[in-house]
Protein chains: 2
Amino acid sequence: MNHQETLTTYLASFIQELSNSGVRDVVISPGSRSTPLALLIAEHPTLKYHINIDERSAAFFALGIAKQTRKPVALLCTSGTAAANYFPAIVEAKLSRIPLIVLTADRPHELRDIGAPQAIDQIHLYGKHVKWFVEMALPEIGEEMTYYARTTATRAISTSLQQPAGPVHLNFPIREPLLPRLDPSPFEELENRPAITVKQGDTLLESGEMKKISERLQRIEKGVIVCGVIDYPQFSTAVLALADALGYPIIADPLSQLRSGSFSEEYIIDSYDAILKEIVSDEMLYPDVIIRFGGMPVSKPLTKFMKRLAGTEQYMIEAGNSWRDPINAATQMIYCDETLFCEGLLKQLDEKRHSNWLEMWQNLNRIARNTIINEISDITELDEGKLVLELVKRLPQNSHLFVGNSMPIRDVDTFFHFNQQNIRVLANRGANGIDGVVSSALGASLYGEPLFLLIGDLSFFHDLNGLLAAKMHQLNITIIVINNNGGGIFSFLPQSNEPKHFEALFGTPTDIDFEYAVKMYSGRYSKVRNWDEFHHSMNEAITLKGLNVIEVPTNRNANVDIHRKMWKRVSAEIEQYVHGEKE
Amino acid sequence: MNHQETLTTYLASFIQELSNSGVRDVVISPGSRSTPLALLIAEHPTLKYHINIDERSAAFFALGIAKQTRKPVALLCTSGTAAANYFPAIVEAKLSRIPLIVLTADRPHELRDIGAPQAIDQIHLYGKHVKWFVEMALPEIGEEMTYYARTTATRAISTSLQQPAGPVHLNFPIREPLLPRLDPSPFEELENRPAITVKQGDTLLESGEMKKISERLQRIEKGVIVCGVIDYPQFSTAVLALADALGYPIIADPLSQLRSGSFSEEYIIDSYDAILKEIVSDEMLYPDVIIRFGGMPVSKPLTKFMKRLAGTEQYMIEAGNSWRDPINAATQMIYCDETLFCEGLLKQLDEKRHSNWLEMWQNLNRIARNTIINEISDITELDEGKLVLELVKRLPQNSHLFVGNSMPIRDVDTFFHFNQQNIRVLANRGANGIDGVVSSALGASLYGEPLFLLIGDLSFFHDLNGLLAAKMHQLNITIIVINNNGGGIFSFLPQSNEPKHFEALFGTPTDIDFEYAVKMYSGRYSKVRNWDEFHHSMNEAITLKGLNVIEVPTNRNANVDIHRKMWKRVSAEIEQYVHGEKE
């Protein structure tokens with residue numbers, strides 16, 4: 001068989017199987033060596049491809065789609081530094097457990113390490129930051145090689161999905177000429193069922209072990225459930241039922257998806273960050289057991305609280321074989337699917353429990369939340385915390401809120417209070433980078449409208465290139481840029497006590513007028529000067545299509561002062577309540 | 001000793017030694033974990049630091065400084081994806097042999113792989129793309145540890161400089177609290193001489209071997225010297241003397257630094273790309289020996305020509321232990337410092353040789369060059385090839401031309417003809433990526449003014465973030481953006497024969513109005529509509545300070561037609577000359 005037919009059959013078999021095994025979206029960056037894969041993907045009857053020119057943004061865009069859809073997304077780029085640009089998003093995907101199928105084109109073996117253009121060493125390019133690496137065979141024909149191409153696609157997908165999910169990397173050596181045969185379509189004759197299907201079992205704790213745990217929990221009145229970063233709809237239902245059966249409050253991180261939904265707020269504690277921040281005598285809050293799910297919560301006061309309780313029983317439930325206990329406080333690592341763990345316990349727990357313990361947490365939460373709202377309502381100037389409160393109030397039902405790292409996610413933690421609007425909150429909390437956030441949000445918006453992105457100015461700047469996707473693919477997104485002209489988080493850290501070099505090294509004001517960037521990408525831009533204008537822009541945003549950017553200028557120093565004043569006030573209220581309880 | 005003193009002494013010793021051993025510039029991206037290193041670098045009496053917020057741009061910026069100054073440049077960022085953003089520039093630095101000292105801050109061991117925020121696996125983060133990786137010891141005090149910190153700095157620098165030069169990576173685990181002692185300055189008491197100095201020998205071929213080669217060359221009249229990517233001033237002098245002694249023409253890639261300088265053009269062949277492009281009967285050009293220096297030249301016709309001559313003696317001279325012969329044509333790999341090789345031969349060659357062979361090359365070169373100039377002079381519309389010609393004419397003496405990859409470097413190859421303006425031509429020709437070019441050029445401009453960057457629209461887009469450095473550091477640069485609205489190179493490739501999907505996958509027009517971007521970074525922008533406007537903008541550019549962008553809109557299809565027409569014409573003229581010579 002000639003070169004073109006071999007190239008076409010082998011690669012088309014692979015691509016067909018990506019589709020057969022569950023991939024729908026492919027993010028492609030233009031390049032030459034990847035030509036046959038790109039053309040075949042474009043030609044495929046059901047795969048959807050999305051062009052993204054900057055590979056760094058492309059990979060974060062794919063991450064966003066995968067995060068939102070909870071499905072594996074493929075990525076394709078050419079050889080050379082193009083592939084190296086994927087690295088930040090791959091690192092993030094590995095830690096945040098997002099399934100990505102990374103396809104890189106490469107020079108064939110005889111053109112490697114001999115100074116050929118755009119040839120870099122792509123073998124294990126991403127090191128330990130992918131779950132699986134395959135140096136693909138050169139295109140070859142025959143039953144065995146077709147089976148190899150097909151099953152490698154299927155294995156790539158199933159590997160990316162296995163707990164903990166993550167990225168895989170397949171490197172394709174391809175010889176010239178690079179054009180595949182497109183007419184007649186090579187997909188017409190290919191099967192639309194995978195050569196082999198993969199069924200994935202879940203990690204399940206043996207029932208005797210489950211019984212022991214349920215018996216233990218039934219004897220403990222003062223328990224707390226901590227839900228960090230975890231995003232499975234079935235889990236939300238199961239953990240709420242578990243809380244109900246045990247009478248335990250759920251300390252719910254904004255990324256637990258338990259701060260918003262069509263369920264009762266009875267068990268949801270959302271203001272723990274404020275409660276635990278400056279509390280002096282917190283003994284009455286000490287539980288006798290903590291059941292922990294998901295990645296570490298955002299709140300530092302919470303993690304410190306759990307660390308203080310290192311002597312107390314703490315169960316860390318993990319579906320995947322990883323270890324997420326940076327506070328060294330877990331007493332039991334329980335490797336078990338989180339949903340099945342909750343459901344398994346529920347089967348063993350007979351009677352519903354009512355306790356003062358739960359009521360105390362509910363009271364504290366009410367006090368903290370109301371104090372925050374009261375304190376904030378008096379603020380007339382534009383403020384980062386109040387912004388979250390005002391934003392969340394105005395989010396439409398079933399909308400998506402993508403949150404930038406550094407300060408925005410912390411403010412969301414403090415100011416996004418429970419509501420029944422069914423808002424899905426997303427963020428890149430694997431490595432917590434400020435990079436790639438615009439692209440991730442745009443990727444998420446593809447199948448997740450309406451979507452609002454709350455982001456700081458440095459993070460927005462870092463991925464301005466990501467905005468091109470909004471323009472090229474007519475995506476609908478509202479981006480709220482908190483512009484405090486630099487790195488706001490450093491004002492909260494000890495670095496701010498060293499005024500020498502502070503602005504130069506940490507404040508780093510850029511003085512960028514973002515209106516230019518938004519206009520460049522054909523977006524709508526408004527810079528609000530007060531709350532009325534913010535409300536007006538938000539009202540507009542709900543009806544607008546396309547890229548819409550609302551810039552909210554704030555002041556780094558004022559922001560620190562307002563936060564600190566508010567926490568002091570909450571602390572005083574909490575202390576008063578605690579004092580009253582004690583007497 | 002307390003934590004702060006230990007942190008300060010250990011890290012200050014390291015930083016002092018960076019300076020003692022030859023580092024002057026450090027590019028810093030803001031972050032928290034890197035705080036002690038950043039503050040100490042800022043506090044250092046002689047180190048110069050440059051803030052660059054986007055780590056991808058930061059690394060390319062450092063690469064540009066190092067390329068221009070031929071000195072190692074250090075880079076500093078915090079832990080997490082920040083470090084992953086360095087990857088593209090590191091890959092480029094490895095292949096283009098640029099010494100970078102990459103410093104990344106990291107969580108200490110007890111906070112790794114347990115879900116701590118911003119903690120990723122940074123051990124061997126860049127795999128084989130750095131020359132040396134060191135997981136640094138935690139800050140510790142004592143004579144031995146101070147010696148370790150100091151010598152590791154010195155070794156990092158000398159390793160980065162050893163042939164082939166390249167990047168090294170030092171990963172610093174650092175415990176909180178992160179603030180070092182700055183008052184009194186920790187550098188006052190430190191020595192300003194390195195603990196150990198490193199003397200680096202050069203690779204030198206044994207004199208008996210050199211004698212054999214010189215004797216062989218003296219018997220060959222028809223020889224050609226090919227200088228690819230190579231950039232040492234001493235080498236230029238030596239190779240020109242060698243050409244003079246042997247009577248061989250030098251086929252000089254634009255990145256050989258032999259196309260411009262205060263020397264005679266007698267031996268310089270600059271229009272070989274056009275000569276060899278469509279030539280039918282090229283036997284009369286066949287040499288009996290080729291002496292090759294440096295990385296593969298840009299010209300595809302040249303590499304094909306050398307490949308056709310695979311039976312002929314071809315010496316590849318390499319100072320470093322690498323292998324750069326993607327055409328499988330070298331018959332001898334000679335590991336020897338390139339300058340010493342030329343000088344060694346010169347000592348053995350007695351009489352200067354004159355030959356018809358050299359004259360023929362000179363004649364062909366004159367015909368090709370004149371035909372190109374004539375053909376181009378008739379073009380009235382804006383054209384990419386003519387742009388290079390017009391640009392080079394207007395470059396001031398001793399200026400720097402940074403050239404983008406893909407089409408610009410190819411057009412410079414064809415249209416940058418020999419001149420005595422002493423223009424240094426720079427490009428990222430390790431992996432030939434279109435990424436990071438803006439930042440590399442800006443880095444080069446820091447100590448290399450005046451600097452002009454010639455770049456395509458996709459490459460300009462890819463590193464728009466790089467422009468922030470121009471604004472923040474008041475750099476002076478003139479950027480000429482060739483805007484053909486997409487990937488112009490693909491129109492020259494077989495992909496263009498497949499019209500289906502072509503614009504979507506390869507043409508990829510972005511329809512960006514770059515004026516917005518330039519304004520955002522406080523630059524001066526002009527879009528020229530004709531040659532008069534271009535000349536006017538260039539005249540202005542020479543006197544302007546700051547960021548100055550000249551956009552030249554061109555048409556991808558017209559560009560292909562004009563290039564092809566010109567090559568046909570050159571080919572016809574060459575054939576006519578060849579025919580005349582034969583008769």
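Chain letters run A, B, ... following the sequence lines, proteins first, then strands; residues in each count from 1. What you see is a predicted model, and the numbers here were worked out from it, not measured in a lab.
The minimum heavy-atom distance between Pro326(A) and Leu111(B), with the atom names listed, is O-CD2, 3.8 Å. When all heavy atoms of Lys500(B) and Leu39(A) are compared, the closest pair comes out as O-CD2, 4.0 Å. For the pair Ile512(B) and Lys471(A), the tightest heavy-atom approach, listed with the atom from each and the gap, is N-NZ, 4.2 Å. The shortest heavy-atom contact between Leu179(B) and Pro494(A) is CD1-O, 3.4 Å. In this structure, Thr81(A) and Pro88(B) approach most closely via the heavy-atom pair CG2-O, 3.5 Å. Between Phe461(B) and Asn465(A), the shortest heavy-atom distance links the atoms O-ND2, 3.1 Å.
Taking the six-membered ring where tryptophan is involved, the planes of Phe87(B) and Phe87(A) are tilted, since the angle between them lies from 30° to 60°.
Gln495(B) is listed as a side-chain neighbour of Ser32(A), based on a closest heavy-atom distance under 4.5 Å. Side-chain atoms of Ile120(B) and Glu92(A), non-hydrogen and from C-beta on, never get closer than 4.5 Å to each other. Lys94(B) is not listed as a side-chain neighbour of Asp121(A), based on a closest heavy-atom distance of 4.5 Å or more. At a threshold of 4.5 Å between non-hydrogen side-chain atoms, the residues Leu464(B) and Met520(A) count as touching. For the pair Ile114(B) and Asn328(A), the minimum side-chain heavy-atom distance is below 4.5 Å. Annotation: side chain of Tyr516(A) is not in contact with side chain of Asp513(B) (no heavy-atom distance under 4.5 Å).
Of the listed residues (Gly31(A), Pro117(A), Gly127(A)), the one with the most heavy-atom contacts under 4.5 Å to chain B is Gly31(A). Here Glu55(A) is the residue among Glu55(A), His124(A), Arg112(A) with the most heavy-atom pairs under 4.5 Å with chain B. Of the listed residues (Asn405(B), Ile90(B), Thr508(B), Thr78(B)), the one with the most heavy-atom contacts under 4.5 Å to chain A is Thr508(B). Between chain A and the options Met296(B), His129(B), Met472(B), heavy-atom pairs under 4.5 Å are most frequent for His129(B). Top candidate by heavy-atom pairs under 4.5 Å with chain B, chosen from Arg324(A), Arg429(A), Arg107(A), is Arg324(A). Between chain A and the options Phe502(B), Tyr126(B), Phe514(B), Phe490(B), heavy-atom pairs under 4.5 Å are most frequent for Phe490(B). The greatest number of non-hydrogen atom pairs below 4.5 Å with chain A, out of Gly430(B), Pro30(B), Gly433(B), is found for Pro30(B). Ranked by heavy-atom pairs under 4.5 Å with chain A, the list Ile28(B), Leu95(B), Val91(B), Leu468(B) is led by Leu468(B). Of all the listed residues (Leu178(A), Leu458(A), Leu182(A)), the one sharing the greatest number of non-hydrogen pairs under 4.5 Å with chain B is Leu182(A). For the options Tyr49(A), Phe506(A), Tyr86(A), heavy-atom pairs under 4.5 Å to chain B are most numerous at Phe506(A). With chain B as the partner, the residue from Ile327(A), Val518(A), Asn432(A) showing the most heavy-atom pairs under 4.5 Å is Asn432(A).
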>> Determine whether Thr35(B) and Glu498(A) satisfy the following criterion, side-chain contact (heavy atoms from CB on, under 4.5 Å), listing intermediate values before the conclusion.
In response: CA-CA 11 Å; Thr35(B) 292; Glu498(A) 187 61 72; over 6 Å; no

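Lys519(A) touches chain B through backbone and side chain together, each having a heavy atom under 4.5 Å away. Using a 4.5 Å cut-off between heavy atoms, Tyr521(B) contacts chain A through its side chain alone, with no backbone atom that close. Contacts between Pro177(A) and chain B at a heavy-atom distance below 4.5 Å are absent for every atom of the residue. Looking at Ala504(A), the atoms closer than 4.5 Å to chain B (heavy atoms on both sides) sit in the backbone and in the side chain alike. For Leu125(A), the parts lying under 4.5 angstrom from a heavy atom of chain B are both the backbone and the side chain. Heavy atoms closer than 4.5 Å to chain B are found nowhere in Glu515(A), neither backbone nor side chain.
In this structure, NE2 in His501(B) is found 11.0 Å from CD1 in Ile51(A), a value given to the nearest 0.5 Å. Separating the CG atom in Asn85(B) from the CZ atom in Arg56(A) is a distance of 5.0 Å, to the nearest 0.5 Å. Separation of atoms CG (Asp457(A)) and CD1 (Ile53(B)) is listed at 8.5 Å; rounding is to 0.5 Å. A distance of 10.0 Å separates CD of Glu43(A) from CG of Leu505(B), quoted to the nearest 0.5 Å.
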